[in-house]
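Input: a single structure, listed below in structure tokens.
First the proteins, then the strands, lettered A, B, ... as listed; each starts at 1.
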Amino acid sequence: MSSKNPQRYNVTTALPYANGPVHIGHLAGVYVPADIYVRYLRAKEKDVVFIGGSDEHGVPITISAKNEGKTPQQIVDRYHSMIKDSFEELGISFDIYSRTSSQLHHKTASDFFKKLYENNKLIEKTEDQYYDQEANQFLADRYLLGTCPQCGYEKAYGDQCESCGSSLSADELINPVSKLSGNKPVKKSTKHWYLPLDQYEGWLRKWILEEHKTDWKSNVYGQCKSWLDNGLNPRAVTRDLSWGVKVPLEEAKDKVLYVWFDAPIGYISATRELTNDWEKYWKDDDTKLVHFIGKDNIVFHCIIFPSMLKADGDYILPDNVPANEFLNLEGDKISTSRNWAVWLHEYLQDFHGKQDVLRYVLTANAPETKDNDFTWKDFQARNNNELVAIFGNFVNRALVLTKKYYEQQVPTPDTLTESDQEILQQISTYPQSTGEKIERYRLREAQQEMMKLARLGNKYLADNEPWKLIKTDEQRVKSIIYVALQIAAQLAYVCEPFLPFTARKLKDMMNLADRNWDALTTQKLIDPGHKINKATHLFNPIEDHEIQAQYDKLAISKAKNEEAEQNLEPLKEPVTYEDFSKLDLRVATILEAEKVPKTGKLLKITLDTGIDKRTVVAGIAKDHKPEDLIGQKVTIVANLQPRKLKGIESQGMILMANNPDGTLHFVSPEEDSKNGAQVN
RNA sequence: GGCGAGAUAGCUCAGUAGGUUAGAGCGCAGCACUCAUAAUGCUGAGGUCGAGGGUUCGAAUCUCUCUCUCGCUACCA
């Protein structure tokens with residue numbers, strides 16, 4: 001139901017999680033594209049609100065707080081202001097950048113819940129759940145260990161026994177123990193509310209799979225289809241936690257809304273904070289709602305949030321969700337924990353005044369259809385070869401010539417030649433051709449279109465050679481400079497969504513007033529006699545040493561990561577010698593190895609232990625090929641209770657060193673150690 | 001293993017109602033020019049369109065199988 005010409009727009013951006021700063025991956029996928037889109041709409045004088053904010057709830061923030069000995073509020077305060085400031089400095093032109101810890105958000109989210117509750121849109125389930133009195137919290141199934149009632153295995157999880165494969169409920173476990181504290185948990189009854197997503201399946205299928213088959217991106221559509229085909233289940237909207245939006249029910253004082261439920265409501269709260277007229281942006285059919293997000297958020301914005309809005313009944317649904325893929329950095333996945341990222345706040349310090357360069361590079365290389373790679377070398381090349389050499393250079397040429405020949409005044413053209421008129425005609429089409437691409441969310445192409453205009457300018461000057469004609473035909477030169485200045489003026493307007501700082505500078509240099517995008521189709525953007533200001537360079541070359549400094553920075557991260565690998569996992573509790581001596585560790589040699597069918601990582605391995613030949617199943621196929629393993633000496637736990645995996649009985653466990661990068665390596669005895677030798 | 005997305009020039013990417021010599025930008029080579037931050041313009045080289053079958057008069061484009069990358073998920077750790 002894409003209305004071609006809506007009255008107004010509501011553009012939201014994924015709320016960054018306030019547990020760390022923002023990096024180029026976030027920018028390329030979400031904020032820069034959204035900002036381009038919004039600036040374009042504003043240039044067309046459309047009624048638009050551009051919404052952002054920090055997502056400040058959820059368990060990871062409470063963990064960070066605990067680790068640093070601070071309150072969750074202190075953590076989110078720090079990152080919220082950091083994120084907000086750096087967005088502003090980059091020119092991400094939010095109408096409001098709010099936060100989910102605000103009072104208004106708490107009220108909005110809890111009202112939202114309440115309405116669903118009162119209209120019986122939620123399912124209630126009361127269950128006795130295990131509660132850890134020391135850790136002071138309810139225990140999810142996976143945080144419970146106990147004895148399996150089926151096979152007697154002592155370390156079955158609350159939801160499943162990994163030994164015999166039978167699925168369990170936490171209640172069936174014999175002698176359950178909390179994985180958090182090791183204590184015996186107590187039973188406590190707790191009630192939770194669920195959004196019955198399964199009830200929305202038919203409606204979602206029609207809405208997405210039929211009505212948005214052609215206008216949504218294929219990655220978005222495919223993800224949704226996958227989820228819908230797998231079937232949807234009711235999803236709990238409340239949790240037994242303290243950090244978050246309190247559930248507005250007398251009987252649920254100690255519960256909060258699950259973060260996935262409260263976060264998207266943050267869009268609504270932020271709009272509400274922005275304007276008393278907020279409802280027309282959320283409840284009027286003539287509003288076009290667009291969510292800019294990364295691909296990790298597709299299911300929330302295409303399935304869950306729309307179901308929430310539908311459940312409420314008063315809200316409009318997103319017209320499009322142009323989710324982007326991911327951006328890599330120098331060939332490796334961006335990672336906050338490994339500090340493998342270009343942080344926005346650091347970029348702004350290192351490359352002061354070069355906001356537009358980053359915006360340009362991230363747009364040129366935006367992961368619109370597949371994951372892309374950001375490299376500093378590419379960053380430098382695009383700045384030097386495109387922004388400086390093509391864009392900046394053309395503008396400089398046109399303005400310098402104007403200064404040289406006409407004392408900074410736009411000359412009155414002589415009779416315009418046919419080719420002049422053709423050029424003027426051409427430049428008048430750029431706003432529309434660029435705009436069409438923006439409206440289809442093809443921002444990479446749109447930006448290229450803008451650059452074509454600069455190329456056109458360079459070519460026009462080269463073809464007409466005013467520096468030669470000035471000696472022989474002064475009248476003709478007036479026309480040429482006049483036309484060149486029209487191109488430069490158009491460039492100033494058309495580049496605004498992509499390069500707002502540059503647009504400002506260029507407009508100031510040329511003394512241009514702001515203009516409606518749709519009025520740019522005129523062939524005269526700047527009048528004869530119009531005085532322009534002194535030209536300064538719009539862009540400057542980036543030197544090799546500046547790029548090298550960034551590579552050095554990354555190298556430090558890499559080195560630190562390797563160092564950190566030494567002490568990643570904290571030491572476990574001390575054990576007695578008796579505890580240790582219960583283990584029977586032995587040397588063994590791999591005789592045979594083959595993949596277990598229908599699994600990703602499992603290998604069935606036959607071992608010579610000196611005492612016997614036995615079979616173990618090991619989850620190491622990701623790092624080791626079966627054929628390479630024959631003859632490999634290994635250390636095994638020989639007296640581990642056998643357990644069945646995929647129908648094969650595994651009689652022991654091969655010891656593997658688990659590197660922080662997730663790769664597994666054999667703990668291999670020296671070659672001359674004998675099979676069956678005890679390890680102690 | 002299941003599901004989804006992707007694999008096109010050295011690099012980053014376009015390219016579907018299947019149709020003559022597969023495109024752009026950057027990089028590279030040569031030429032021209034000097035107003036401009038040695039910038040610009042022109043010309044050119046460079047591709048078995050991931051591999052292999054199939055449908056078709058004809059496939060980058062439709063279909064099947066396979067390989068690799070990314071994500072979700074399962075199993076595993």
Euclidean distance for P, C62(B) against C11(B) (whole angstrom): 24 Å
Rounded to whole angstrom, note down the P distance from G15(B) over to A77(B). 44 Å
Considering only heavy side-chain atoms of Q223(A), the closest of U40(B), G4(B), C35(B) is G4(B)
Pick the P atom in A39(B) and in G27(B), then give their distance to the nearest Å. 9 Å
Evaluate the side-chain proximity of F391(A) to M451(A): yes if any heavy-atom separation is below 4.5 Å, no if none is. yes
Could you please name the partner base of U55(B), counting Watson-Crick and G-U wobble pairs only when both distances are under 3.5 Å? none
Only pairs with both distances under 3.5 Å count, Watson-Crick or wobble alike; so what is the partner of A32(B) in this structure? U40(B)
For nucleotides A22(B) and G44(B), find the distance between their P atoms and express it as a whole number of Å. 15 Å
Among the candidates G41(B), A7(B), U37(B), find the nucleotide nearest to the side-chain atoms of D463(A). G41(B)
Counting heavy atoms from C-beta on, name the nucleotide in G4(B), G71(B), U12(B) closest to the side chain of N365(A). U12(B)
Closest nucleotide among G71(B), A5(B), A36(B) to the K333(A) side chain: G71(B)
Choose from G41(B), C35(B), U12(B) the nucleotide whose nearest atom is closest to any side-chain atom of R397(A). C35(B)
Classify I480(A) by what it touches in the nucleic acid, base, sugar-phosphate, or nothing, heavy-atom distance under 4.0 Å. nothing
Indicate, with a heavy-atom threshold strictly under 4.0 Å, whether E368(A) touches base, sugar-phosphate, or nothing. nothing
Mind checking V388(A) for me? I need base, sugar-phosphate or nothing, with any heavy atom below 4.0 Å counting as a touch. base
Classify T369(A) by what it touches in the nucleic acid, base, sugar-phosphate, or nothing, heavy-atom distance under 4.0 Å. sugar-phosphate
Does K295(A) count as lying over the ring of F326(A), i.e. NZ or CZ under 6.0 Å from the six-ring centre, within 45 degrees of the axis? yes
So, is K459(A) close to the C42(B) phosphate, meaning a side-chain N or O under 4.0 Å from OP1 or OP2? yes
So salt bridge (Lys or Arg N to Asp or Glu O under 4.0 Å) across residues 453-463 of chain A, not counting sequence neighbours, yields K459(A)-D463(A)
Side chains of K505(A) and V395(A): does their closest heavy-atom pair fall under 4.5 Å? no
Give a yes/no answer on whether the side chain of T536(A) brings an N or O atom under 4.0 Å of OP1 or OP2 in U37(B). no
Considering every strand and a 4.0 Å limit on heavy-atom distances, what is the contact class for F394(A): base, sugar-phosphate, or nothing? nothing
May I ask which nucleotide in the shown strands pairs with C66(B), Watson-Crick or G-U wobble, both distances under 3.5 Å? G50(B)
Pairwise P distance, G52(B) and U43(B) [rounded to whole Å]: 35 Å
For G71(B), what is the paired nucleotide under Watson-Crick or G-U wobble rules, both distances under 3.5 Å? C3(B)
When you measure from the side chain of S218(A), which nucleotide among A5(B), U37(B), C33(B) comes out closest? A5(B)
So which protein nitrogen or oxygen atoms get under 3.5 Å of nucleotides 24-27 of chain B's nitrogens or oxygens?
unit_1: G25(B); atom_1: O3'; unit_2: R455(A); atom_2: NH1; d: 3.2
unit_1: G25(B); atom_1: O3'; unit_2: R455(A); atom_2: NH2; d: 3.4
unit_1: C26(B); atom_1: OP1; unit_2: R455(A); atom_2: NH1; d: 3.2
unit_1: C26(B); atom_1: O3'; unit_2: N385(A); atom_2: ND2; d: 3.3
unit_1: G27(B); atom_1: OP1; unit_2: N385(A); atom_2: OD1; d: 3.4
unit_1: G27(B); atom_1: OP1; unit_2: N385(A); atom_2: ND2; d: 3.0

Heavy atoms under 4.0 Å, any strand shown: does K404(A) hit a base, just sugar-phosphate, or nothing? sugar-phosphate
Would you mind telling me which of A5(B), C35(B), G4(B) lies closest to the side-chain atoms of V400(A)? C35(B)
Checking all strands, does P466(A) fall into the base, sugar-phosphate, or nothing category for heavy-atom contacts under 4.0 angstrom? nothing
In Watson-Crick or G-U wobble terms, with both distances under 3.5 Å, the base opposite A14(B) is none
Does anything in residues 351-362 of chain A pair up under salt bridge (Lys or Arg N to Asp or Glu O under 4.0 Å), and if so which pairs, sequence neighbours excluded? D35(A)-R359(A)
Could you tell me which nucleotide pairs with A9(B) by Watson-Crick or G-U wobble geometry, both distances under 3.5 Å, or answer none if nothing does? none
